[in-house]
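First comes the structure, then the notes that go with it.
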Amino acid sequence: MTVKITIDGQSINAQAGDAIVDVAAENGVYIPTLCYVKGKPCLGTCRTCSVKVNGRVMSACTIPVTEGMEIDVNGAEITDMRKALVELLFAEGNHNCPSCEKSGRCELQATGYEVDMMVSRFPYRFTPRVVDHASATVWLERDRCIFCQRCVEFIRDKETNQKIFSIKGRGTHARIEINPTLANKMSAEQVREASDLCPVGCIIDKTQGFNDPIGKRKFEIKSIRARVLDTAAKNMTANQANSLNREHP
Amino acid sequence: MSDNSVTEIFSHELPATQWDPAKKAIEEAKIQVAMIGFCGCWGCHLSFLDMDEAMLSLLDKVTITRSSFTDLKRIPHHCTIGFIEGGIANDENIEVLEHYRENCDILISVGACAVWGGVPAMRNVVPLEECFREAYIDSPTAVPGAKKTIPYHEDIPKITTKVMPCHEVVKMDYFIPGCPPDGEAIFKVLDDLVNGREVDLPSDINRYD
């Protein structure tokens, strides 16, 4: 069913049930995300995609579009709120980009550039965190974890479907844990998948590192904004082709 | 151990070659920039030189007073722009940064160390005593047979417990992240300031590493 919504005043026809974040991207409006993975169940943990829906702040990845929604993405207040959320992440962990292997292909860093972050408005905390290197293939750099829970939900043991990563403790005591026994059963591809899925440099593949030279790294070749918008545009074209085929068999 | 009988002479008090008055007048009419590196590696200063020929367009409007390039040790008079590299790691850094704040209209944090502490701030997660112990007492590179001691003298700046970003000590007006920032990014900010535009560092040249 098609519904009519507006994004920043622009009228848009969208499929009811699609997430705001996808509808916006398909219409050329970039909303930054950190925990959301298209095609997977939404987690709603990072809140970086916060937008105003009919005046109320909501996360664009968890809310499906409905008839008459008025969505404010790029208003001054909500833009600054999203920027503050990203700045909080930088202040909370120890995000030392110059020494990080993920730099240049880190989604948090790329999102920082997109929200025009120069410095965090919050005091940097420098909390000591213990690195976990118990697994043979995965280096767990806890300084950088933003608790998005992508790895917790989407990286599982192939045989038993058990979780390999988990979050232990609550609040300021929360920390990401890895089950070394299950982690050591991961194939090289699954380790790569886990490290690529991590939006920061927390899950590091021990066998890889600094493969791409500066200037040729993922988000230097193409910004995260361009990647999100281009993928959405391609999906949209494919969907339109599909729906045309259905109408004229 | 202090020896107050020795008269201290600072380098800026030593006799220096006098400027040609005509040239001095031209330089003084320009926008004055003072530069300093605190706890950093001077890489941001080198990045400043990476502006290459772009710097020529600035030099008609800008002159550099105190800096490691000019070898001036004091800010000679009130400056418009202060270019600050490095984090704040000792009491001398605090004193000099405050001196810059008092003597510059605009202060810019340049590079990761000035912006949030950078590489020197990696010691922030380790107690200071442990840092000293590792550096001076249990150091694997200590001179064999030498007396192991943590240096302490009133002339040696006291190390702060944590490395602080500059904006936690004084108000900073602009920030250029990067380790180091590209010469292009430094040029963009300086060029905006010199030409009276609102400072804007676009996301495609903003870098944190």
Side-chain angles (χ1 to χ4, degrees), chain A residues 30 32 79 83 86-87 89-131 141-144 200-201 210 212-215 217-226, chain B residues 40-41 43-44 47 84 87-88 107-128 130-131 160-169 171-182 184-185 188-189 198-209:
Chain A
Y30 169 69
T79 302
K83 187 178 176 183
V86 174
E87 289 175 5
L89 295 174
F90 273 91
E92 196 245 351
N94 299 318
H95 296 278
N96 190 343
C97 296
S99 77
C100 181
E101 196 275 321
K102 196 72 175 263
S103 187
R105 50 194 186 87
C106 167
E107 289 177 36
L108 176 63
Q109 185 190 56
T111 305
Y113 299 148
E114 292 306 334
V115 299
D116 287 327
M117 188 194 98
M118 302 291 150
V119 60
S120 178
R121 71 193 71 175
F122 307 100
Y124 292 91
R125 292 179 57 212
F126 299 110
T127 313
R129 294 220 175 97
V130 185
V131 173
E141 185 70 66
R142 292 202 179 94
D143 274 343
R144 303 166 188 159
V200 287
F210 299 101
D212 303 318
I214 289 173
R217 298 174 300 184
K218 186 177 175 185
F219 294 121
E220 288 169 335
I221 298 169
K222 194 173 178 185
S223 73
I224 195 164
R225 175 190 297 262
Chain B
C41 69
C44 301
S47 241
I84 313 288
I88 303 303
L107 285 189
I108 313 172
S109 275
V110 185
C113 304
V115 169
W116 63 267
V119 170
M122 287 167 97
R123 80 163 162 86
N124 286 4
V125 293
V126 181
L128 187 59
E130 228 173 282
C131 292
T160 50
T161 314
K162 294 208 186 256
V163 177
M164 290 172 280
C166 292
H167 65 269
E168 288 187 8
V169 178
K171 182 188 186 300
M172 302 298 291
D173 301 287
Y174 298 102
F175 299 86
I176 313 177
C179 187
D182 282 347
E184 198 188 345
K188 176 72 173 62
V189 171
E198 197 170 319
V199 174
D200 174 39
L201 194 58
S203 59
D204 59 325
I205 55 171
N206 186 6
R207 287 286 164 268
Y208 302 154
D209 66 345

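Letters A, B, ... mirror the listed sequences (proteins, then strands); counts begin at 1.
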A:Glu101 atom CD, over 12 foreign heavy atoms within 6.0 Å:
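Enclosed: over 12 neighbouring heavy atoms sit under 6.0 Å from CD of A:Glu101.
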What closest approach, in Å, do A:Asp116 and B:Leu201 show between heavy atoms, and which atom pair accounts for it?
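The pair with the smallest heavy-atom distance is OD1-O, 4.3 Å.
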Would the distance check show the side chain of B:Tyr208 and the main-chain N or O of A:Gly112 forming a donor-acceptor pair, the cut-off being under 3.5 Å?
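Pair found, side chain donor or acceptor close to backbone of A:Gly112.
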Counting N and O atoms only, with roles assigned by atom type, does the side chain of B:Asn206 sit under 3.5 Å from a partner on the main chain of A:Met117, one being a donor and the other an acceptor?
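At least one qualifying donor-acceptor pair exists.
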For the atom pair [atom1] ([X]) and [atom2] ([Y]), what is the distance rounded to the nearest 0.5 Å?
{"X": "B:Asp204", "Y": "A:Glu220", "atom1": "CG", "atom2": "CD", "value": "11.5 Å"}
{"X": "A:Tyr113", "Y": "B:Arg207", "atom1": "OH", "atom2": "CZ", "value": "5.0 Å"}
{"X": "A:Phe126", "Y": "B:Met164", "atom1": "CZ", "atom2": "CE", "value": "10.5 Å"}

Does any part of the side chain of A:Arg217, heavy atoms only, come nearer than 4.5 Å to the side chain of B:Asp209, both counted from C-beta?
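Sidechains of A:Arg217 and B:Asp209: in contact.
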Are any non-hydrogen side-chain atoms of B:Pro177 and A:Val119 less than 4.5 angstrom apart?
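No, their side chains stay 4.5 Å or more apart.
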At a 4.5 Å cut-off on heavy atoms, which part of B:Met122 comes close to chain A: side chain, backbone, both, or neither?
side chain
Per-residue contact mode, [X] against chain B (heavy atom under 4.5 angstrom):
{"X": "A:Phe219", "value": "neither"}
{"X": "A:Ser99", "value": "side chain"}
{"X": "A:Arg121", "value": "neither"}
{"X": "A:Asn96", "value": "both"}

